[in-house]
Participant: 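I'd like to ask some things about the structure below.
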Protein chains: 2
Amino acid sequence: MAQQPKPRRSQAERSAETRQRLLDAAVTLMHERGLAGTSTNDIAETAGVSRGALTHHFESREELIAAAIEDMLDKVIGELKSYATRVAEGESSSDALIEFLYGVMSDRLFYVTLEYLPEARHNAMFRSRLVPVVSRWHAALDEIWGELTARYGMKPEAGRDLLNATMCLIRGMIAQTILRDDPPYYRRLLDFWKASIRAQLAAARPERGGPRIVTIPLRGQ
Amino acid sequence: MAQQPKPRRSQAERSAETRQRLLDAAVTLMHERGLAGTSTNDIAETAGVSRGALTHHFESREELIAAAIEDMLDKVIGELKSYATRVAEGESSSDALIEFLYGVMSDRLFYVTLEYLPEARHNAMFRSRLVPVVSRWHAALDEIWGELTARYGMKPEAGRDLLNATMCLIRGMIAQTILRDDPPYYRRLLDFWKASIRAQLAAARPERGGPRIVTIPLRGQ
DNA sequence: CAAAACAAACCGTCAAGCCTGTTTGTAAAT
DNA sequence: ATTTACAAACAGGCTTGACGGTTTGTTTTG
């Protein structure tokens, strides 16, 4: 009942906002109802625009979904790059970084990923559409992890192994949460992993040239 | 053009075979075309039976899919139990066991799992329908892994952490293969992990009661 | 600066296709 | 003969992409 919110936005503004509302709605619905449970109708409704507007902005449902995923990933890449500076300045331990990555992935990112992975697997067009963003995402991960391992004088190549293992572990954990609801299980696993990484990083410190010896922290008691 | 294959099978035989053909077709199609790309029509056609036969055996598409998943899992559980005896008799190293698990998961199991995880996440009925089989699957994993860790005198609790990490890593790796086609990446990661597990098991050998020290194998050169 | 011409954004309906579950009918086993 | 297994036709619902029409903003012209 206030004044009508029509401060004469420019075409570009109107267009950008509508487009963004559609992208956000698509990601939200993919997360909440799944890709299969998300029709273009649902997306338009959630975005608060007509289905006509949706078709005006996106050639097909597939293109909208892909654009929404790209948008989501680009935002997360932004968060990552911002966190990376903190890591570079030594303000983040490996423990904190791992928690950060798990947080980012389990917030929405990997659940949404699980929604579209099947489509990506069976639809080559869709998959190629996503490859560039995914590469940017991987590059951002390499970058932030490189900041960490560099501090420990670890060779980039060896560091990347730790990153890949860490990310795959996190992916697997999140997939597992769907059929196994057991928070302590995941807490414990993540703590175990943080300790492993800590040990590996410590072992990389180039102090003596001899064989690398490291104490493995006790787990689970 | 041979003789007609109608040696007067019993009802139970006819029924069981048709049912099995449907289950097999469902799993095959889930793997090849994805869950979303698999209609009951497709399943009946692939199974070589009519859609009427399908509806006769399964109340709904959802029930058929669930039954197919259960069947697939039960078969894999069988393979696992059979391999477990080999482990118990010391005929399998940790390296071999990890390769075996990766092989089982990446053959079809986890790709099919990725197909139905979204449905399981959003459909509570479907999820509860699967929980019992999934529990049996986890129990079989615990059993086979227990055979291994017991040989090293590792406490079951600590051993389970290694199993969970191993399985989650494998899950994450397989999910990753969809958007990143890079066999050396996965080969390297798995080798890295086998070495880690080897070291952890060796460290668990109860020789001295002192702090556990273990050499970390060099990676990547 | 004002009006006209144009372009872009947006809306709502329609038709075609597909898919699932139901119902009705036939063959095979007990 | 009766029950079970299977087959085929049917009906209803949902979804997507297409299209004609309307509103809003931008550019050109007098």
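In what follows, chains carry the letters A, B, and so on, assigned in the order in which the sequence lines appear, proteins first and then strands, with residues in each chain numbered from 1. All values reported here derive from a predicted model rather than from experimental measurement. The figures that follow rest on heavy atoms only: side chains count, while hydrogens, waters and symmetry mates do not.
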Participant: In terms of the nearest nucleotide of DNA chain D, which residue is placed more toward the 5' end: A:Glu59 or B:Gly48?
Facilitator: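 Checking each residue's closest nucleotide, the 5'-ward one belongs to B:Gly48.
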Participant: Tell me whether the side-chain N/O atoms of B:Ser15 come closer than 4.0 Å to OP1 or OP2 in D:dA5.
Facilitator: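 Yes, B:Ser15 has a side-chain N/O under 4.0 Å of OP1/OP2 on D:dA5.
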Participant: I'd like to know if the side chain of B:His57 pairs up with that of B:Glu63 as donor and acceptor (distance under 3.5 Å, no hydrogens or angles considered).
Facilitator: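 No, no side-chain donor-acceptor pair sits under 3.5 Å.
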Participant: Classify the nucleic acid contact of B:Thr55 as base, sugar-phosphate or nothing, counting any heavy atom under 4.0 Å across all strands shown.
Facilitator: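 Base contact.
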Participant: Closest nucleotide of DNA chain C for B:Gly52 versus for B:Arg61: which of these residues is on the 5' side?
Facilitator: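 Checking each residue's closest nucleotide, the 5'-ward one belongs to B:Arg61.
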Participant: Check step by step if salt bridge (Lys or Arg N to Asp or Glu O under 4.0 Å) holds for B:Arg127 and B:Glu119.
Facilitator: CA-CA 8 Å; B:Arg127 190 170 59 244; B:Glu119 180 67 17; over 6 Å; no
Participant: So, applying side-chain contact (heavy atoms from CB on, under 4.5 Å) with B:Thr38, which one of B:Arg33, B:His31, B:Glu32 is it?
Facilitator: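 Only one option passes, and that is B:Arg33.
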Participant: What is the distance, to the nearest angstrom, from the CD atom on B:Glu62 to the P atom on C:dT20?
Facilitator: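 To the nearest whole Å, that distance equals 12 Å.
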Participant: Roughly how many Å is it from CD1 in A:Ile43 to C1' in C:dC11, rounded to a whole number?
Facilitator: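 Going from CD1 in A:Ile43 over to C1' in C:dC11 covers 18 Å.
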Participant: Rounding to an integer number of Å, can you tell me how far B:Arg51 CZ sits from C:dT24 C1'?
Facilitator: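 That distance rounds to 15 Å.
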Participant: If the cut-off is 4.0 Å, is B:Thr40 near the phosphate of C:dG21, judged by side-chain N/O to OP1 or OP2?
Facilitator: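 B:Thr40 to C:dG21 OP1/OP2: no side-chain N or O under 4.0 Å.
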Participant: Would a 4.5 Å heavy-atom cut-off, applied to side chains only, mark A:Leu148 and A:Arg151 as touching?
Facilitator: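 SC-SC contact between A:Leu148 and A:Arg151 confirmed.
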Participant: Check the distance between C:dC11's C1' and A:Arg14's CZ and give it to me in whole angstrom.
Facilitator: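 Going from A:Arg14 (CZ) to C:dC11 (C1'), I get 12 Å.
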Participant: Could you state the atom-to-atom distance from CZ of A:Phe58 to C1' of D:dG17 in whole Å?
Facilitator: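 Taking CZ of A:Phe58 and C1' of D:dG17, I get 16 Å after rounding.
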Participant: Round to the nearest Å and state the distance from A:Leu54 atom CG to D:dA18 atom P.
Facilitator: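 Nearest whole value for this atom pair: 13 Å.
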Participant: Send over the distance from B:Leu22 CG to D:dA7 P, rounded to a whole Å.
Facilitator: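 Taking CG of B:Leu22 and P of D:dA7, I get 10 Å after rounding.
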Participant: How close or far is atom C1' of D:dT16 from atom CD1 of A:Ile65, stated in whole angstroms?
Facilitator: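 For the pair A:Ile65 CD1 and D:dT16 C1', the rounded distance is 13 Å.
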Participant: Any ion pair linking A:Glu70 and A:Arg129 (charged N to carboxylate O, less than 4.0 Å)?
Facilitator: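 A salt bridge is present here (some side-chain N lies under 4.0 Å from a carboxylate O).
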Participant: Using a cut-off of strictly less than 4.0 Å, decide whether B:His56 has a side-chain nitrogen or oxygen near OP1 or OP2 of D:dA5.
Facilitator: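 True: B:His56 side-chain N/O within range (under 4.0 Å) of D:dA5 OP1/OP2.
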Participant: Can you check whether A:His57 has a side-chain N or O nearer than 4.0 Å to OP1 or OP2 of C:dC10?
Facilitator: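 Yes, because at least one side-chain N or O of A:His57 sits under 4.0 Å from OP1 or OP2 of C:dC10.
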